[in-house]
Amino acid sequence: MPRPIIVFDLDGTLVDTAPDLLDSLNHSLAASDLAAVDETGFRRFVGHGGRVMIERAHAAQNKALVAAEHDRLLTLFLDHYTLNIPGKSQPYPGVVAALDRFQAAGYLMAVCTNKYEANSVALIGALGLSNYFAAICGQDTFAFRKPDPRHLTETIRLAGGDPHSAVMVGDSQTDIDTAKAAGIPVVAVDFGYTDRHVREFEPTLVISHFDTLTPDLAERLIAAAR
């Protein structure tokens with residue numbers, strides 16, 4: 001039997017990166033003479049990436065955004081974010097204990113994120129979590145990305161796992177749709193970055209804390225999916 005594997009999304013799932021992403025957004029907006037955004041109102045857009053965040057911020061302030069300016073601001077956003085990793089970002093409560101449980105149980109672990117691979121590797125390393133993961137795959141690791149199911153299945157294979165013995169953990173419709181398309185059970189956390197409750201996207205299971213995520217639960221989900 002292959003070793004089971006659990007695959008995690010990164011931003012909004014394993015790590016709360018919103019404070020740093022919003023700081024980088026506001027850094028880029030200042031270059032366009034826009035007011036800083038409010039963290040409470042914009043956290044739900046963090047999971048969509050810098051380009052969408054910049055677009056939404058301009059729309060909220062009724063300011064036109066042409067393509068060349070959009071690209072310039074995205075470059076400022078990414079440069080600021082990259083230079084400040086890890087910043088204020090921290091693993092969510094219970095994450096490290098959950099990773100320890102799965103490591104002790106013999107699970108392979110991997111990260112499948114639409115964040116750029118280099119930034120993902122840098123963030124995970126800066127937080128001292130690198131030793132847990134057999135693969136860290138970002139939006140530019142392959143020629144496809146979530147919600148393409150190949151992003152997930154190729155991450156699993158790169159980590160040495162089998163998609164038939166896998167569970168995905170994420171915080172968004174993109175994560176849920178990816179896992180469903182791959183035929184892999186998906187656990188959705190309800191504290192991440194989404195403007196609709198994850199329950200609406202019909203994941204296999206919704207959890208509110210990583211204390212709930214155990215190898216026994218993962219084994220049951222894998223068995224039920226076979």
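Scope of the values below: all heavy atoms of this structure, side chains included, with no hydrogens, waters or symmetry mates. The first residue of the sequence shown is numbered 1, and numbering continues consecutively from there.
Shown here for S28 and L76, the closest heavy-atom pair between the two residues is CB-CB, 4.2 Å. What you find for V46 and L21 is that their closest heavy atoms are CG1-CD1, 3.2 Å. Nearest heavy-atom pair across I222 and A166 is CG1-O, 3.7 Å. Among all heavy-atom pairs drawn from V189 and T13, the shortest one is CG2-CA, 4.3 Å. The minimum heavy-atom distance between S208 and D190, with the atom names listed, is OG-OD2, 2.6 Å. Looking at every heavy atom in both residues, G170 comes nearest to D9 through CA-CB, 3.9 Å.
Around OH of Y116, the count of heavy atoms belonging to other residues, nucleotides or ligands within 6.0 Å does not exceed 12.
Contact annotation: the side chain of V37 approaches that of N26 to within less than 4.5 Å [non-hydrogen atoms, C-beta and beyond]. A 4.5 Å side-chain heavy-atom check between L213 and I6 finds at least one atom pair inside the cut-off. Side-chain contact between V167 and V186: absent, with no pair of heavy atoms (C-beta onward) separated by less than 4.5 Å. Counting heavy atoms from C-beta outward, Y132 and I124 have side chains that stay 4.5 Å or more apart. Contact check for C137 versus L158: side-chain heavy atoms found under the 4.5 Å cut-off. Looking at H209 and Y92, their side chains never come closer than 4.5 Å, going by heavy atoms from C-beta outward. P215 places a side-chain heavy atom less than 4.5 Å from the side chain of R101. Residues V187 and P203 fail the side-chain proximity criterion, which asks for heavy atoms closer than 4.5 Å.
The distance from the CE atom of M109 to the CD atom of Q103 is 5.0 Å, given to the nearest 0.5 Å. Going from atom CG of L14 over to atom CG of L127 covers 10.0 Å, rounded to the nearest 0.5 Å. Taking CG of L205 as the start and CD1 of I207 as the end, the distance is 7.0 Å to the nearest 0.5 Å. Annotation: the span from I54 atom CD1 to R56 atom CZ amounts to 13.0 Å, rounded to 0.5 Å. To the nearest 0.5 Å, the span separating OG1 on T204 from CD1 on I184 amounts to 10.5 Å. A distance of 5.0 Å separates NE2 in H80 from NE2 in H27, rounded to the nearest 0.5 Å.
If you chain together hydrophobic residues whose side chains sit under 4.5 Å apart, I85 and M53 fall into the same group. Under a hydrophobic-cluster definition in which Ile, Leu, Val, Met, Phe, Trp and Tyr are linked whenever side-chain heavy atoms come within less than 4.5 Å, directly or via other members, L152 and F133 are assigned to different clusters. L217 is connected to V169 through a chain of hydrophobic side-chain contacts under 4.5 Å among Ile, Leu, Val, Met, Phe, Trp and Tyr, so both are in one cluster. The cluster map of Ile, Leu, Val, Met, Phe, Trp and Tyr, joined by side-chain heavy atoms under 4.5 Å apart, puts M168 and L221 in different clusters. L34 is connected to L78 through a chain of hydrophobic side-chain contacts under 4.5 Å among Ile, Leu, Val, Met, Phe, Trp and Tyr, so both are in one cluster.
With sequence neighbours excluded, the residues forming a side-chain contact (heavy atoms from CB on, under 4.5 Å) with A110 are I5, V7, A135, T155, A159, listed by chain and number. By the side-chain contact (heavy atoms from CB on, under 4.5 Å) test, S89 is found to be paired with V15, T17, D20, L123, residues two or more places apart in sequence or in another chain being considered. D162 is linked by a side chain to side chain donor-acceptor pair (under 3.5 Å) to H164, counting only residues two or more places apart in sequence or in another chain. Residues meeting the side chain to side chain donor-acceptor pair (under 3.5 Å) test with N62, sequence neighbours left out: none. Every residue meeting the side-chain contact (heavy atoms from CB on, under 4.5 Å) condition with V121, not counting sequence neighbours, appears here in chain and number order: E117, I136. Judged as a salt bridge (Lys or Arg N to Asp or Glu O under 4.0 Å), and not counting sequence neighbours, the contacts of D148 are R150. Every side chain to side chain donor-acceptor pair (under 3.5 Å) that R43 has, sequence neighbours left out, goes to D16, E39. Here Q90 pairs with nothing under the side chain to side chain donor-acceptor pair (under 3.5 Å) rule; sequence neighbours left out. Residues passing the side-chain contact (heavy atoms from CB on, under 4.5 Å) test with R51 are H70, D71, L74, sequence neighbours excluded.
The pair D175-K146 meets the salt-bridge criterion, with a side-chain N (NZ, NE, NH1 or NH2) lying under 4.0 Å from an Asp/Glu carboxylate O. The existence of a salt bridge linking D33 and K63 is excluded, since no basic side-chain nitrogen approaches an acidic carboxylate oxygen closer than 4.0 Å.
Aromatic rings from F45 and Y193 are positioned such that their centres are separated by 6.0 Å or more.
Under the 3.5 Å distance criterion, with hydrogens and angles disregarded, no donor-acceptor pair is assigned to the side chains of H151 and T141. Looking only at atom types and distance, the side chain of S165 has a donor-acceptor partner in the side chain of R226 under 3.5 Å away. Side-chain contact, Y81 with D23: no donor N or O sits under 3.5 Å from an acceptor N or O.
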Practice prompt. Walk me through it: do E154 and C112 pass the test side chain to side chain contact (heavy atoms under 4.5 Å, CB included)?
Written response: CA-CA 9 Å; E154 290 304 307; C112 179; over 6 Å; no
Item to complete: Go through the steps for R196 and Q173 under the test side chain to side chain contact (heavy atoms under 4.5 Å, CB included), then give the verdict.
Response: CA-CA 9 Å; R196 293 164 58 191; Q173 181 177 8; 4.3 Å; yes
Item to complete: Quick one: do S172 and H48 satisfy side-chain hydrogen bond (donor to acceptor under 3.5 Å, both in side chains)? Show the steps, please.
Response: CA-CA 9 Å; S172 69; H48 295 289; over 6 Å; no
Discussion item. Set out, in order, the CA-CA distance, both residues' side-chain angles and the distance that settles side chain to side chain contact (heavy atoms under 4.5 Å, CB included) for T194 and F201, then state yes or no.
Written reply: CA-CA 11 Å; T194 177; F201 310 124; 3.9 Å; yes
Discussion item. Please determine whether side chain to side chain contact (heavy atoms under 4.5 Å, CB included) holds for the pair L73 and T75, giving the CA-CA distance in whole Å, both sets of side-chain angles, and the decisive distance to 0.1 Å.
Written reply: CA-CA 5 Å; L73 296 180; T75 297; over 6 Å; no
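The stretch residues 202-223 participates, sequence neighbours left out, in these salt bridge (charged side-chain N to carboxylate O under 4.0 Å, His left out) pairs: D216-R220. Residue pairs that meet the side chain to side chain donor-acceptor pair (under 3.5 Å) test with at least one member in residues 105-114, sequence neighbours left out, do not exist here. Residue pairs meeting the salt bridge (charged side-chain N to carboxylate O under 4.0 Å, His left out) criterion with at least one partner in residues 131-143, sequence neighbours excluded, do not occur; the list is empty.
Under the 30°/60° scheme for interplanar angles, the aromatic rings of F8 and F102 are found to stand perpendicular.
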